[in-house]
Amino acid sequence: MGDAEGNGVVYSYDAVGCTEPLNYGCTGSGNALIEPLLDNQVVREHQSKAGGPADLTKEEALDLIKDAFSSACERDIYTGDSVELFIITKDGVQKEVFQMTRH
């Protein structure tokens, strides 16, 4: 599903069932650790030389997500040991499981 211009969106929902379309989102116990990183790297907020939203390839986006979860895993005991990523494209849905290790 996309927005009016055909851009991909994700939908966030809260405890009372409200939904909101977003360009990216994060929920859960690691949210406070991951969302600032996504704000900085995806939207380019809080940068002294911000050049507008990032234009990431699929591989770059997946690497960013994996790095974000790996960092959260090290600092948040409630973040699990693996992440299920669902990559949604015009060609369908691909599931990837990313195993995290704690150091």
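Residue indices begin at 1 and follow the sequence shown. Just so it is clear, the structure is predicted and the values come from calculations on it, not from any experiment.
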To the nearest 0.5 Å, atom CD of Gln41 lies from atom CG of Asp63 at 12.0 Å
For Cys73 and Gly80 the tightest heavy-atom approach is SG-O, 3.9 Å
Taken to the nearest 0.5 Å, the spacing of Thr79 OG1 from Asn31 CG works out to 10.0 Å
### Message
If hydrophobic clusters are built by linking Ile, Leu, Val, Met, Phe, Trp and Tyr wherever their side-chain heavy atoms come under 4.5 Å apart, do Phe98 and Leu33 end up in the same one?
### Response
no
**Prompt:** Can you hop from Tyr24 to Val83 via hydrophobic side chains spaced under 4.5 Å?
**Reply:** yes
Value for CZ (Arg75) from OG (Ser70), rounded to nearest 0.5 Å, stands at 10.5 Å
Quick one: does Met100's side chain get under 4.5 Å of Phe69's, heavy atoms only?
-> yes
Worksheet item: Does the pair Val93 and Lys95 meet the rule for a side-chain contact (heavy atoms from CB on, under 4.5 Å), with working shown?
Response: CA-CA 7 Å; Val93 178; Lys95 177 182 174 182; 5.8 Å; no
- Query: Quick check: does any side chain N or O of Glu60 sit under 3.5 Å from a backbone N or O of Thr57, one acting as donor and the other as acceptor?
  - Reply: yes
Answer whether the closest heavy-atom distance between the side chains of Leu62 and Leu85 falls below 4.5 Å.
yes
Partner of Leu38 under side-chain contact (heavy atoms from CB on, under 4.5 Å), picked from Val43, Asn23, Leu64, is Leu64
All heavy atoms of Gly30 vs all of Asp76, minimum pair found to be N-OD2, 3.4 Å
In terms of heavy-atom contacts, Ser12 and Leu22 come closest through CB-CD1, 3.5 Å
